[in-house]
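This one's a predicted model, so the numbers in the text were calculated from it and none came from an experiment. Note that these values count all heavy atoms, side chains included, but never hydrogens, waters or copies made by symmetry. To find a chain, count down the sequence lines: A is the first, B the second, and so on, and within it residues start at 1.
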Amino acid sequence: MLDRKSLVNDIKSFKEVIQRRNFAFDDNYLLELENERKKHQIKTQELQKLRNTYTKSIAKAKSNNENPKPLLDKVADLGAMLDKEKSLLKIVQDKINSFLMNIPNILHESVPLGKSEDENIEVSSWGKPKEFDFMVKDHVDLGKKYGLDFTTATKISGARFVVMTNQIALLHRALAQFMLDYHTKNDYQEAYVPYLVNTDSATNTGQLPKFEEDLFKTSLNNNKDKDKVFYLIPTAEIPLINMFSDTIIKEQDLPIKFVAHTPSFRSEAGSYGRDTRGLIRQHQFDKVELIQVTKPENSYQALEDITCDAENILKDLELPYRKMLLCSGDVGFSSAKTYDLEVWLPGQKKYREISSCSNCEDFQARRLKLRFKDKDDNTILLHTLNGSGVAVGRALVAVLENYQQADGSIKIPTVLQKYMNFKKEIK
RNA sequence: GGAGGGAUGGCAGAGCGGUUGAAUGCACCGGUCUUGAAAACCGGCAAGAGGUUAUUCUCUUCCAGGGUUCAAAUCCCUGUCCCUCCGCCA
């Protein structure tokens, strides 16, 4: 969420800035609401002040053994007036709030203008797509005989789920293990977190209210608790970042860096027919997620760092990738600037997203009430960042396809061998 | 599932209708003392919001939401979470 006050104070330049998002911003509507708000808020506070004054006089009169009746008469209809004013104020405030909740974050000035992912900019690339002297297969064909099983998953759950057994299951686990080990050696604290979160948490990080249809929603199936709602996490960013909601962090404890390996659940509503084959787009997939909480002046360096941390995973796995700077049309709602890492997939002859690293600046911190005290004792909102380091399912796809051999066997990347009983290949 | 107890500032913990945004202790920050440090002593120390900005003035907040009252941390109701005991359970 953006800051109402600074937004209203400089509404003209904000309107310009937010246009880069192609966001239709109704400045008149907001200013109108603001006038209403101001009117009712001032009135409410005046009435409260009046009531407080009378209340104190009544207390004084009583302790002096004077008759409080005249004072009580004066205050008789104050309560009703106050209630009315309060409810008017609340209506306006709710309107303003939901208006602000639906405005995306302001983009960083370095974000290029563009309509869709086609206009993202390649910042750098690493490794070269390997030339194969045989017909390459994709991960679905490659994985089949080693335990990648979509048919069984369909029976159990439906489309967009997978069962992994035996060597594929081991490779999948090895990848996650390797990533966790790498990041924890690199100053990230490991966390195990809930996979079901409440409405507040999902709101704090920006998934709600706007993107509810992307989430799986659960509720208890009895009358007593039917209002108790949980959302399955679409990313570990939600529980990780919410660990710090409503806190004032000590300056010396910054930056905060955490890593977690969790499943992620996405409804993939609106992507019917896209990437229906294989592991690329699943309702449930594992991801190793990195988050950082930093001081404002350090967050853009932290974005470079967190991206680099994700890149190092791909480098160690010796997977060719490119680093993309997302254009204005493709940056997510809460983010001010995002890099995607795209890994080369020989089976598709394409680079595909395997990591996304974002700086949300104070957009999440404002809803979270996540702050620190600076040297002058001012309370300042912190900046939050998140990055996948990296998506485990897609990493599995990349390893299978990039490490395939003519006979359909799979070489094991050197860094993974110790997690796989020192096997050098799957065959 | 049953029975009971609780939730107060960064932490511990008092207050249980009236000037209490809240005693006290610890922590933290500044100062005195000291060669320096510690100790001691003195002072400071919640967050959010609104108006006005020279300055400040005001409002809200003692788990959350309702209610009673001129007045609620304090009384009543509902919810959430925590603790203890019994039962069940991976």
Side-chain angles (χ1 to χ4, degrees), chain A residues 1-9 30-31 33-97 99-100 192 194-204 218-231 239 242-254 256 293 362 364-382:
Chain A
M1 185 161 67
L2 297 167
D3 179 43
R4 176 181 54 83
K5 215 168 174 177
S6 52
L7 197 159
V8 170
N9 282 344
L30 180 61
L31 288 177
L33 289 177
E34 266 293 281
N35 280 334
E36 279 290 294
R37 194 222 86 227
K38 207 166 186 171
K39 199 172 82 191
H40 292 303
Q41 188 155 358
I42 290 173
K43 184 75 183 161
T44 302
Q45 292 188 359
E46 273 173 2
L47 289 170
Q48 283 170 328
K49 187 184 174 186
L50 197 63
R51 189 199 54 194
N52 291 345
T53 318
Y54 277 123
T55 293
K56 278 177 186 166
S57 328
I58 291 167
K60 206 177 250 173
K62 277 200 160 182
S63 68
N64 292 342
N65 276 324
E66 290 163 19
N67 181 10
K69 185 80 176 41
L71 286 164
L72 286 174
D73 289 343
K74 275 191 176 167
V75 94
D77 49 357
L78 207 61
M81 281 164 69
L82 185 57
D83 282 347
K84 193 180 152 206
E85 212 48 55
K86 262 186 180 166
S87 68
L88 288 171
L89 176 61
K90 185 165 188 319
I91 290 168
V92 192
Q93 280 176 329
D94 287 349
K95 277 187 192 165
I96 292 176
N97 207 35
F99 183 79
L100 292 175
Y192 172 85
Y195 304 159
L196 296 173
V197 295
N198 60 31
T199 306
D200 280 348
S201 294
T203 306
N204 284 338
T218 72
S219 58
L220 296 181
N221 203 13
N222 66 53
N223 277 332
K224 190 180 154 222
D225 298 315
K226 66 177 188 303
D227 295 331
K228 198 165 179 171
V229 165
F230 291 113
Y231 293 92
N242 274 285
M243 292 201 294
F244 306 101
S245 72
D246 204 11
T247 44
I248 297 177
I249 310 277
K250 286 193 177 120
E251 192 172 1
Q252 65 261 30
D253 292 337
L254 295 165
I256 291 169
V293 178
D362 62 11
Q364 295 178 326
R366 186 165 294 108
R367 294 192 196 180
L368 282 160
K369 302 195 185 76
L370 169 54
R371 299 145 296 176
F372 81 108
K373 292 265 192 195
D374 72 0
K375 292 194 174 56
D376 303 322
D377 217 34
N378 298 309
T379 322
I380 314 261
L381 288 171
L382 287 160

Let's test this: given Watson-Crick or G-U wobble pairing with both distances under 3.5 Å, identify the partner of [N].
{"N": "A46(B)", "result": "U61(B)"}
{"N": "G36(B)", "result": "none"}
{"N": "A22(B)", "result": "none"}
{"N": "A72(B)", "result": "none"}
{"N": "C81(B)", "result": "G6(B)"}

Nearest-neighbour nucleotide for the [X] side chain, [options] considered:
{"X": "T379(A)", "options": "C70(B), G48(B), U58(B)", "answer": "G48(B)"}
{"X": "K38(A)", "options": "C70(B), G48(B), G51(B)", "answer": "G51(B)"}
{"X": "Q45(A)", "options": "U60(B), A49(B), G18(B)", "answer": "A49(B)"}
{"X": "R51(A)", "options": "C59(B), U19(B), U60(B)", "answer": "U60(B)"}

Whole-Å distance separating the [atom1] atom of [X] from the [atom2] atom of [N]:
{"X": "E66(A)", "N": "G18(B)", "atom1": "CD", "atom2": "C1'", "result": "15 Å"}
{"X": "K56(A)", "N": "C70(B)", "atom1": "NZ", "atom2": "P", "result": "19 Å"}
{"X": "Q48(A)", "N": "G51(B)", "atom1": "CD", "atom2": "P", "result": "15 Å"}
{"X": "M1(A)", "N": "A49(B)", "atom1": "CE", "atom2": "P", "result": "10 Å"}
{"X": "K49(A)", "N": "U56(B)", "atom1": "NZ", "atom2": "P", "result": "17 Å"}
{"X": "K369(A)", "N": "C63(B)", "atom1": "NZ", "atom2": "C1'", "result": "13 Å"}
{"X": "I96(A)", "N": "A49(B)", "atom1": "CD1", "atom2": "P", "result": "14 Å"}
{"X": "K86(A)", "N": "A49(B)", "atom1": "NZ", "atom2": "P", "result": "19 Å"}

In whole Å, what separates the [atom1] atom of [N] from that of [M]?
{"N": "G31(B)", "M": "A38(B)", "atom1": "P", "value": "12 Å"}
{"N": "U8(B)", "M": "A64(B)", "atom1": "P", "value": "11 Å"}
{"N": "C57(B)", "M": "G18(B)", "atom1": "P", "value": "27 Å"}
{"N": "G1(B)", "M": "C75(B)", "atom1": "C1'", "value": "31 Å"}
{"N": "G9(B)", "M": "C63(B)", "atom1": "C1'", "value": "14 Å"}
{"N": "A46(B)", "M": "U55(B)", "atom1": "C1'", "value": "24 Å"}
{"N": "A39(B)", "M": "C28(B)", "atom1": "P", "value": "9 Å"}
{"N": "U68(B)", "M": "A14(B)", "atom1": "C1'", "value": "26 Å"}

Looking at side-chain heavy atoms only, is the closest gap between R371(A) and D246(A) below 4.5 Å?
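Yes, close enough: below the 4.5 Å cut-off.
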Decide yes or no for F244(A) and L368(A): does some side-chain heavy atom of the first lie under 4.5 Å from some side-chain heavy atom of the second?
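F244(A) vs L368(A): side chains apart.
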Any N52(A) side-chain nitrogen or oxygen under 4.0 Å from OP1 or OP2 of C59(B):
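So the side-chain polar atoms of N52(A) do come within 4.0 Å of the phosphate oxygens OP1 or OP2 of C59(B), strictly under.
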If you find the nucleotide of RNA chain B closest to I58(A) and the one closest to R37(A), which residue's nucleotide is nearer the 5' end?
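Its nearest nucleotide lies further toward 5', so the answer is R37(A).
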Nearest-nucleotide comparison on RNA chain B, the residue closer to the 5′ end among I42(A) and Y54(A)
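In this pair, the answer is I42(A).
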Contact class for [X] vs. all strands (heavy atom < 4.0 Å): base, sugar-phosphate, or nothing?
{"X": "K62(A)", "value": "base"}
{"X": "T44(A)", "value": "nothing"}
{"X": "K5(A)", "value": "sugar-phosphate"}

Side chains of S201(A) and N198(A): donor-acceptor distance under 3.5 Å anywhere?
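On atom types as modelled, these side chains qualify, holding a pair under 3.5 Å.
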Q45(A) CD to L82(A) CG distance, which is reported to the nearest 0.5 Å:
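Here the interatomic distance stands at 11.0 Å.
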Okay, side chain of N64(A), backbone of E66(A): is any donor-acceptor separation there less than 3.5 Å?
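Absent.
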If we ignore hydrogens and angles and just use 3.5 Å, is the side chain of D362(A) paired with the main-chain N or O of L382(A) as donor and acceptor?
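Not at all, since once roles are kept as given, no pair shorter than 3.5 Å links the two residues.
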Check this for me: does any side-chain nitrogen of one of K39(A) and E36(A) sit under 4.0 Å from a carboxylate oxygen of the other?
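E36(A) and K39(A): salt-bridged.
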